[in-house]
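Here's the structure we're looking at; comments come further down.
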Amino acid sequence: MAAEAEVLDELHRLRARVPQLTGALAASVDGLVLAHDTPGVEPEGLAALTAAALGVAVRMTDAAGRGELRELLLRGDHGYVATYAAGDSAVLTLLAQDRVNVGRLHLEGRRAGGRIGELMDALPRPDDAAAAKAATKNPARSVANGASAATTAATPQTPAKTTVRSTMPRRTPRTTTPRATPRTTPNTATSTES
């Protein structure tokens, strides 16, 4: 596949730009190796562990209200493991020595992740390829399937779980602050005469 060769070229260029990198791996979000340059490390195991770590990290960012996961950085005694989002369906995992400039690692990792994401997102998805293949084999069947899909789409379905989020801004409680200076007018008693 041409995309795998381009991804591997990107990994090689990345390792040339950051000499402290000891490995680079591009994998699908479900743990399948797309391309790797990881001498001394089993790429399949690293891809599977990356998918597991991503699952936990995604849940953590969601629970903390921090939005979509962008990157994950781990530091061990002998260096770093950094994982970056690469489009919708892939991730980039980098292995680096302990003496790496972490800012440079992030800069280059984010750039390479963006390029790899563009390459992987441009590929046709397996579902799209199967539908296109079926349409070319039997156009009548694809039209019939399209009609049944349109009928199914017109039928309202109840979602399994509904999350309702308000578009109104959150109301923050009003806080009162004590006055910095006391009142300057003394309280005077008032008398009433009849």
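Of all heavy-atom pairs spanning T61 and G67, the tightest one is OG1-O, 3.5 Å. Summarising the geometry of G109 relative to L92, their closest heavy-atom pair is O-CD2, 3.6 Å, with the distance given to 0.1 Å. In terms of heavy atoms, A90 sits closest to L34 at CB-CD1, 3.9 Å. The shortest non-hydrogen separation linking A47 to A27 is CB-CB, 3.9 Å. Nearest heavy atom pair, residue A3 against residue L123, reads CB-CD2, 3.7 Å.
Expressed to the nearest 0.5 Å, how far CD of E4 lies from CE of M120 amounts to 7.0 Å. Separation of atoms CD (E10) and CD (E118) is listed at 10.0 Å; rounding is to 0.5 Å. Expressed to the nearest 0.5 Å, how far CD1 of I116 lies from CG of L14 amounts to 7.5 Å.
Connection of L105 to L11 is established within a shared hydrophobic cluster, with ILVMFWY side chains joined at heavy-atom distances below 4.5 Å, either directly or through further cluster members. L74 and L46 fall within a single hydrophobic cluster, where Ile, Leu, Val, Met, Phe, Trp and Tyr are joined by side-chain heavy atoms under 4.5 Å apart, directly or via other members. The hydrophobic cluster containing V18 also contains V102, counting ILVMFWY residues as joined when their side-chain heavy atoms lie under 4.5 angstrom apart, directly or transitively. L72 and M60 are not part of a single hydrophobic cluster, where members link through side-chain heavy atoms under 4.5 Å apart.
Within the structure, the salt bridge (charged side-chain N to carboxylate O under 4.0 Å, His left out) test picks out the following pairs touching residues 21-44 (sequence neighbours left out): R15-D37. Here side chain to side chain donor-acceptor pair (under 3.5 Å) pairs that include residues 64-76, with residues two or more places apart or in two chains, are E71-R110, R75-Y80, R75-D98. For residues 22-62, no residue pair satisfies the ring pair (Phe, Tyr, Trp, His ring centres under 6.0 Å) rule, not counting sequence neighbours. Under the ring pair (Phe, Tyr, Trp, His ring centres under 6.0 Å) criterion, the residue pairs touching residues 99-118 are Y84-H106, with sequence neighbours excluded.
D88 places no side-chain N or O within donor-acceptor distance of the main-chain N or O of D121, the cut-off being under 3.5 Å.
By the salt bridge (charged side-chain N to carboxylate O under 4.0 Å, His left out) test, R59 pairs with no residue at all, sequence neighbours left out. The side-chain hydrogen bond (donor to acceptor under 3.5 Å, both in side chains) check on T50 picks up T93, with sequence neighbours excluded.
A salt bridge is absent between R13 and E6: the closest approach of a Lys/Arg side-chain nitrogen to an acidic carboxylate oxygen does not fall below 4.0 angstrom.
When each of L21, V41, L25, V100 is paired with L95, the side chain to side chain contact (heavy atoms under 4.5 Å, CB included) condition holds for V41 and for no other.
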